Amino acid sequence: MSFTLATWNINSVRLRAGLVEKLMREEAPDILCLQECKSPVEKIPREAFEALGYRWMVARGQKGYNGVAIFSKLPMQEARAEDWAQMGHARHIAGQLENGVTIHNFYVPAGGDIPDREQNEKFGQKLDFLTHMRDDFRAAPPEKSILVGDLNIAPREDDVWNHKQLLKIVSHTPIEVDHLAQVMEGGDWVDVTRKDIPEGLLYSWWSYRAKDWDAADKGRRLDHVWATPDIANAAHGSRVLRDARGWEQPSDHAPVFATFDL
DNA sequence: ATGACTGTTATAAACAGA
């Protein structure tokens with residue numbers, strides 16, 4: 001079988017339900033993972049998505065903040081949902097396909113402005129969340145698994161518009177990059193996007209604050225698709241749908257795609 | 001170096017995003 005998967009920080013699934021439908025119609029991924037739904041699960045407008053063939057949904061939500069959901073054309077059952085740093089946040093959901101492949105959908109905390117846990121509690125929570133992820137994957141090594149989401153870290157120099165200028169900016173600091181590398185090592189994860197696109201600048205997020213995001217192009221690659229080694233070689237066709245950042249009233253993130261032939 | 005924007009809601013002289 002073959003399926004295409006996309007991950008997208010939607011920044012309100014209710015406000016942007018129309019954009020979700022546009023993506024479902026025009027790009028038609030078999031599986032769509034969303035973050036920052038900012039909605040309780042019961043208020044997600046899933047009927048509109050069902051009508052487009054996405055009959056299965058697994059989700060966690062809360063009022064106003066966070067929230068993750070997976071919409072699937074393929075039968076999917078809920079596998080897991082963890083509150084990784086015990087913050088009472090809806091930042092993880094996992095679903096399983098009938099072929100046994102597990103899909104983890106993550107929304108890692110942004111971490112606030114100051115990259116110092118003594119001055120900024122949120123930065124510490126971000127690091128702790130990543131440490132919990134690492135320890136969990138070490139304790140129970142994942143198999144036949146895909147991990148996607150807004151990890152809120154751009155790990156490589158060519159994942160940001162200016163490496164030197166962003167070294168002290170949350171999302172690209174060395175301690176965050178090190179924590180993310182440990183999560184990756186903990187589960188033996190492969191960065192599928194960079195396996196497919198090994199060279200060159202690549203972004204999935206552009207700030208709302210730029211006057212002209214496209215011209216300035218001060219982006220960061222915060223959204224990721226990983227897979228375990230037993231299925232990573234089945235992945236191909238990775239891409240970022242940059243066009244979606246220019247849609248009307250857009251999310252500040254663009255969807256990231258990968259296809260798996262299994 | 002600063003400030004620029006957007007969403008939800010305790011509709012703000014707030015908070016979070018990153």
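In this text the structure is predicted, and so the values were computed from the model without any measurement. Just so you know, these numbers use all the heavy atoms, side chains as well, and skip hydrogens, waters and symmetry mates. Note on naming: letters A, B, ... go to the chains in the order of the sequence lines (proteins, then strands), and numbering restarts at 1 for each one.
Checked against A:N66 for a side-chain hydrogen bond (donor to acceptor under 3.5 Å, both in side chains), the options A:R91, A:E36, A:K38 give a single hit: A:R91.
For the pair A:Y107 and B:dA18, the criterion of a side-chain N or O lying under 4.0 Å from OP1 or OP2 is met. The side chain of A:Q249 contributes an N or O atom lying less than 4.0 Å from OP1 or OP2 of B:dG7. A sub-4.0 Å separation between OP1 or OP2 of B:dA10 and a side-chain N or O of A:K63 is present. The shortest distance between the side-chain N/O atoms of A:S12 and the OP1/OP2 oxygens of B:dT8 is below 4.0 Å. For B:dG7, one of the phosphate oxygens OP1 or OP2 lies less than 4.0 angstrom from a side-chain nitrogen or oxygen of A:R16.
Hydrophobic clustering, defined by side-chain heavy atoms of Ile, Leu, Val, Met, Phe, Trp and Tyr closer than 4.5 Å, groups A:F123 together with A:L127, A:V170, A:I175. Side-chain heavy-atom separations under 4.5 angstrom define the hydrophobic clusters, and the remaining members of the one that includes A:W189 are A:W84, A:M87, A:F106, A:V108, A:F129, A:L130, A:M133, A:F137, A:L147, A:L151, A:I153, A:V177, A:L180, A:V183, A:M184, A:W226. A:W205 forms part of a hydrophobic cluster together with A:L222, judged by ILVMFWY side-chain heavy-atom separations under 4.5 Å.
Under the side-chain hydrogen bond (donor to acceptor under 3.5 Å, both in side chains) criterion, A:H132 pairs with no residue at all, not counting sequence neighbours. Under the side-chain hydrogen bond (donor to acceptor under 3.5 Å, both in side chains) criterion, A:N105 pairs with A:Q35, sequence neighbours left out.
Identified under the side chain to side chain donor-acceptor pair (under 3.5 Å) test for residues 136-147 of chain A, with sequence neighbours left out: A:R80-A:D136.
To the nearest whole angstrom, the two C1' atoms, one in B:dC15 and one in B:dT9, are 9 Å apart. Taking atom C1' on both nucleotides, B:dA14 is separated from B:dA1 by 26 Å, rounded to a whole Å. To the nearest whole angstrom, the two C1' atoms, one in B:dG7 and one in B:dA12, are 14 Å apart. Comparing B:dA13 with B:dA4, their P atoms are spaced 16 Å from each other, to the whole Å.
Mapping A:A210 and A:P109 onto DNA chain B by nearest heavy atom places A:A210 at the nucleotide closer to the 5' end. DNA chain B is contacted by both A:N152 and A:P250; A:P250 maps to the nucleotide lying nearer its 5′ end (nearest heavy atom per residue).
Under the Watson-Crick or G-U wobble criterion, with both distances below 3.5 Å, B:dG7 is paired with B:dC15.
B:dA14 has its base anti relative to the sugar, with a glycosidic angle deviating from 0 by more than 90°. Applying the 90° cutoff around 0 to the glycosidic angle, B:dA4 is assigned anti.
Residues from residues 211-221 of chain A that place a heavy atom under 4.0 Å from any atom of DNA chain B, listed by number: A:R220. Taking every heavy atom of residues 112-130 of chain A and every atom of DNA chain B, pairs under 4.0 Å involve A:D113, A:K122, by number.
Across all strands, A:H172 comes closer than 4.0 Å to no nucleic acid atom at all (heavy-atom distances). When heavy atoms are screened at a 4.0 angstrom cut-off, A:D150 is found touching the sugar-phosphate backbone but no base atom. Here A:I169 lies out of heavy-atom contact (under 4.0 Å) with every strand.
B:dA18 atom C1' lies 13 Å from atom NE2 of A:H224, rounded to whole Å. Rounding to whole angstrom units, CD of residue A:E36 and P of B:dG7 are separated by 11 Å. Summarising the geometry, the separation between CG on A:L167 and C1' on B:dA18 is reported as 16 Å, rounded to the nearest angstrom. As a whole-Å value, the separation of A:N66 CG from B:dC15 C1' is 13 Å. Per the geometry, NE2 belonging to A:H253 stands 12 Å off C1' belonging to B:dG7, to the nearest Å. Protein atom CH2 of A:W205 is 13 Å distant from nucleotide atom C1' of B:dA16, rounded to whole Å. Spacing between atom CD1 of A:I153 and atom P of B:dG17 amounts to 14 Å, rounded to whole angstrom units. One interatomic measurement links the two molecules: CG of A:N11 to P of B:dT9, which rounds to 12 Å at whole-angstrom precision.
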Got a list of side-chain donor-acceptor pairs under 3.5 Å for residues 70-78 of chain A, not counting sequence neighbours?
| from | atom 1 | to | atom 2 | distance (Å) |
| --- | --- | --- | --- | --- |
| A:S72 | OG | A:L74 | N | 3.0 |
| A:S72 | OG | A:L74 | O | 2.6 |
| A:E78 | OE1 | A:R60 | NH1 | 3.2 |
| A:E78 | OE2 | A:R60 | NH1 | 3.3 |
| A:E78 | OE2 | A:R60 | NH2 | 2.8 |

Taking distance alone, no hydrogens or angles, what donor-acceptor pairs closer than 3.5 Å link side-chain atoms of residues 48-55 of chain A to residues at least two apart or in another chain?
| from | atom 1 | to | atom 2 | distance (Å) |
| --- | --- | --- | --- | --- |
| A:Y54 | OH | A:P29 | O | 2.6 |

Mind listing the side-chain donor-acceptor pairs of residues 191-199 of chain A below 3.5 Å, one per line with the distance, residues two or more places apart or on another chain?
| from | atom 1 | to | atom 2 | distance (Å) |
| --- | --- | --- | --- | --- |
| A:D191 | OD1 | A:T193 | N | 3.2 |
| A:D191 | OD1 | A:R194 | N | 3.0 |
| A:D191 | OD2 | A:R221 | NH2 | 3.0 |
| A:R194 | NE | A:D159 | OD1 | 3.3 |
| A:R194 | NH1 | A:I197 | O | 3.0 |
| A:R194 | NH1 | A:G200 | O | 3.0 |
| A:R194 | NH2 | A:D158 | O | 3.0 |
| A:R194 | NH2 | A:D158 | OD1 | 3.2 |
| A:R194 | NH2 | A:D159 | OD1 | 2.9 |
| A:R194 | NH2 | A:G200 | O | 2.9 |
| A:K195 | NZ | A:A235 | O | 2.9 |
| A:D196 | OD2 | A:G237 | N | 3.4 |
| A:D196 | OD2 | A:S238 | N | 3.1 |
| A:D196 | OD2 | A:S238 | OG | 2.6 |

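Shown here is A:E26, whose CD atom has more than 12 heavy atoms of other residues, nucleotides or ligands within 6.0 Å.
Looking at A:K168 and A:D116, no side-chain N of the basic residue comes within less than 4.0 Å of a carboxylate O on the acidic one, giving no salt bridge.
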Please list, for nucleotides 11-13 of chain B, all pairs of protein and nucleotide N/O atoms separated by less than 3.5 Å.
none

(request) Could you give me the CA-CA distance, side-chain angles and deciding distance for A:W247 and A:L23, then say whether side-chain contact (heavy atoms from CB on, under 4.5 Å) is met? (result) CA-CA 11 Å; A:W247 290 352; A:L23 188 86; 4.0 Å; yes

